[in-house]
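Remember, it's 1-based here, ligands and their atoms both numbered in the order they're listed.
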Amino acid sequence: MRPLSKIATSLKPSATMAVNATVKQMRAAGVEVFSFGGGEPDWPTPENICQAGIQAIQSGFTKYTPASGTSELRAAIAGRLKDDYGLTYENSQIIVTSGGKHAIYVALCCLLDPGDEVILPAPYWVSYHEAIRMAGGTPVVVYAPEKQGFKLTAAQLEAAVTPSTKMFLLNNPGNPTGAVYTREELEPLAAICKKYDLYVLSDEMYGKLIYDDAELVSFPSLSQDIYERTVLINGVSKSYAMTGWRIGYAAAPKPIAAAMDGYLSQSTGAPPSISQAAALEAFSGPQDAVERMRQGYDERRKYLVERLNSMEGVSCTVPKGAFYLLIDVQAQFGRTLAGRIIEDDADFTQALLEAEHVAVTPGTAFDAPGYVRWCYASSMEEIVEGLNRLERFIR
Ligand code: GLU
């Protein structure tokens, strides 16, 4: 047999999806697992949104829609971007996709040619690196250390630019770090993008989940120049607890949006009509559930940070957004825990799962060796028990 494609055979499967699958398997086998692995809201999808989905089925709204989504949904998304960030997009600039991940992949496919480099700050969400490669590009990873709050500086960005650099990939608020960039931090990054004529992919999927004094400055709102070179990514999965409905979107300058529309028409076609009807209700219906869930995450975040930073041998930086944080576990390396010598974050993760049935994601998956990611989109009871178990484990 002739081989599969080079990309397919060298692809690293998603570590976050793998953790989710392992937890589901263990639970199916009757094991009680405390999961802080894959990032998925524990809240149910709000009732009004579910009803809109049911209504779509019952009224026969079950056929093809235009490839980039219904005009009602695209208008509702444009309306939300206007209300939330003062951004102006026409319907034709909004591309609805099967989840945020899909919007990222299609945008990359429309912007990259073989050899094009994309500057990717680490720690980064697992799928960016491989999506860039799948689209034929080359990820250029630049590490933003914890002492910088896990945020890339303009000097670091500029130092990574080569004649082949085509794009800068920004994730704000950040997964897995929970870092949120201030306007003062974004503006110098924007200046570098302008200076070197770079496209920007700004993934703001967690933009509604920010805490304390943090403010989400949407990247395309920085200036007209930046608007013209930025593809904004968002969706309903995290803010509206709709991961399984698979609705994401890109808001992009017209030529990029037109290319994405063509791509969708020849590949997936539109996302499910039923999910689009539910997303329309999410974006245009009452927004109070979003705030209620945000407050819930905030309460868990505060508790988690306090407990972690009072434990000996682990520590974390206070996250300002999303529902993740990175725990520094380097002080555990060289120890024997639960009968296993801990040499790296993967050992730590595996031993914690086996000994205490607590699932987290190893930092190496995010190019953050020495850390593990804890997702706090779980109930307070689970978080309390998970922390008790972590404490016992490292003691
Ligand atoms: N985005 C979430 C995470 O980082 C969900 C799983 C995925 O698609 O990666 O865990």
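For the pair Arg300 and Trp43, the cation-pi criterion (under 6.0 Å, within 45° of the ring axis) is fulfilled.
Sorted by first and then second residue, the ring-ring contact (aromatic ring centres under 6.0 Å, His included) pairs involving residues 142-173 (not counting sequence neighbours) are Phe150-Tyr371.
Sorted by chain and number, the heavy-atom contacts of ligand 1 below 4.0 Å come from Thr16, Met17, Gly38, Gly39, Lys101, Trp125, Asn175, Tyr206, Lys238, Tyr324, Arg373.
Relative orientation of the Tyr297 and Tyr376 rings is perpendicular, given thresholds of 30° and 60° on the angle between their planes.
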Would you list the atom pairs, donor with acceptor, under 3.5 Å between side chains in residues 105-122 and any protein atom, with sequence neighbours excluded?
residue : atom : partner : partner atom : Å
Asp116  : OD2  : Asp113  : N            : 2.7
Asp116  : OD2  : Lys166  : NZ           : 3.1
Glu117  : OE1  : Thr162  : OG1          : 2.8

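Between the side chains of Asp367 and Tyr124, at least one donor N or O lies within less than 3.5 Å of an accepting N or O.
Under the side chain to side chain contact (heavy atoms under 4.5 Å, CB included) criterion, Ala282 pairs with Ile49, Val236, Tyr240, Met242, sequence neighbours left out.
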